[in-house]
Peer 1: 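Would you mind keeping the following structure in view while I ask a few things?
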Amino acid sequence: SRLSAEEAVTLRSDLKLPSGAPVFVAGSTRSREEEAEVLSAYREMRERVPDLCLLVAPRQIDRAEELAEAMRATGLEPTRRTQLASASGPVR
């Protein structure tokens with residue numbers, strides 16, 4: 001179901017996403033290869049949409065750190081949801 005405008009604002013705030021920035025969501029990713037495609041597409045889209053945020057949710061939560069490491073290897077600075085409380089400002 002679709003979020004109401006109020007729910008969307010609350011979720012964006014909870015995830016510390018910049019207000020108004022577009023968000024690329026890749027949910028239920030299953031493999032390194034699939035995530036590599038997502039990261040490549042994101043980097044390409046950021047060339048045209050510099051304020052684009054990326055939200056990736058692996059199908060198996062125990063792969064979250066592996067995914068974060070892959071993101072760091074491509075020059076991204078991921079923030080895991082469990083680290084949001086300590087994030088000082090908006091995350092991308």
Side-chain angles (χ1 to χ4, degrees):
S1 71
R2 231 184 141 117
L3 296 177
S4 70
E6 184 177 302
E7 290 168 326
V9 168
T10 299
L11 181 59
R12 183 179 286 274
S13 175
D14 290 349
L15 294 175
K16 294 194 175 186
L17 295 170
S19 178
V23 180
F24 172 23
V25 178
S28 199
T29 59
R30 299 176 189 201
S31 68
R32 291 179 190 174
E33 296 78 18
E34 186 177 78
E35 290 155 356
E37 291 292 324
V38 167
L39 297 178
S40 177
Y42 173 68
R43 285 191 307 273
E44 209 170 296
M45 288 186 287
R46 285 267 327 248
E47 290 176 14
R48 293 183 212 124
V49 185
D51 60 341
L52 181 66
C53 298
L54 175 62
L55 179 62
V56 183
R59 182 175 202 77
Q60 297 157 332
I61 194 69
D62 59 331
R63 293 190 56 253
E65 187 53 36
E66 174 186 325
L67 173 58
E69 288 175 20
M71 294 174 85
R72 285 190 287 273
T74 67
L76 298 174
E77 297 178 20
T79 302
R80 291 183 54 184
R81 188 171 191 167
T82 57
Q83 300 167 326
L84 285 173
S86 61
S88 59
V91 297
R92 295 194 177 276

Peer 1: Can you confirm whether more than 12 heavy atoms, excluding those of Glu6, are under 6.0 Å from its CD atom?
Peer 2: no
Peer 1: Quick check on Arg80: does its CZ atom have over 12 non-hydrogen neighbours (other residues, nucleotides or ligands) under 6.0 Å away?
Peer 2: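 Yes, because the 6.0 Å sphere around CZ of Arg80 holds more than 12 heavy atoms from other groups.
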Peer 1: Val49 and Pro22: which non-hydrogen atoms are nearest, and at how many Å?
Peer 2: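 So the two residues come closest at CG1-CG, 3.6 Å.
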Peer 1: Check Ala41 against Phe24 and note the closest heavy-atom contact, atom names and distance.
Peer 2: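 Minimum heavy-atom contact is CB-CE2, 4.4 Å.
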Peer 1: Does Arg43, at its CZ atom, have more than 12 non-hydrogen atoms belonging to other residues, nucleotides or ligands within less than 6.0 Å?
Peer 2: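 Yes - once you tally the heavy atoms of other residues, nucleotides and ligands closer than 6.0 Å, there are more than 12.
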Peer 1: To the nearest 0.5 Å, how far apart are CZ in Arg32 and CG in Leu67?
Peer 2: 11.0 Å
Peer 1: Flag yes if Leu3 and Leu55 sit in one hydrophobic cluster, no otherwise; membership is Ile, Leu, Val, Met, Phe, Trp, Tyr, and two members link when side-chain heavy atoms are under 4.5 Å apart.
Peer 2: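 In one cluster with Leu3: Leu55, yes.
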Peer 1: As an exercise, state the distance from CZ of Arg46 to CG of Leu54, rounded to the nearest 0.5 Å.
Peer 2: 9.0 Å
Peer 1: Would you please test Lys16 and Thr79 for side-chain contact (heavy atoms from CB on, under 4.5 Å) and show each step?
Peer 2: CA-CA 10 Å; Lys16 294 194 175 186; Thr79 302; over 6 Å; no
Peer 1: Rounded to the nearest 0.5 Å, what separates atom OG1 in Thr10 from atom CG in Leu15?
Peer 2: 11.0 Å
Peer 1: Within the 3.5 Å criterion, strictly below it, is a donor on Thr29 or Glu35 matched to an acceptor on the partner's side chain?
Peer 2: yes
Peer 1: Hey, are Glu65 and Arg72 close enough for a salt bridge, meaning a charged N less than 4.0 Å from a carboxylate O?
Peer 2: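 Salt bridge present between Glu65 and Arg72.
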Peer 1: In Å and rounded to the nearest 0.5 Å, what is the CD to OG distance from Gln60 to Ser31?
Peer 2: 10.5 Å
Peer 1: What's the spacing between Leu84 CG and Leu17 CG if we round to 0.5 Å?
Peer 2: 8.5 Å
Peer 1: Using every non-hydrogen atom in the two residues, find where Ala26 and Val38 come nearest and quote the distance to one decimal.
Peer 2: CB-CG1, 3.7 Å
Peer 1: Quick check: closest heavy atoms across Ser28 and Glu34, and the distance to 0.1 Å?
Peer 2: O-OE1, 4.1 Å
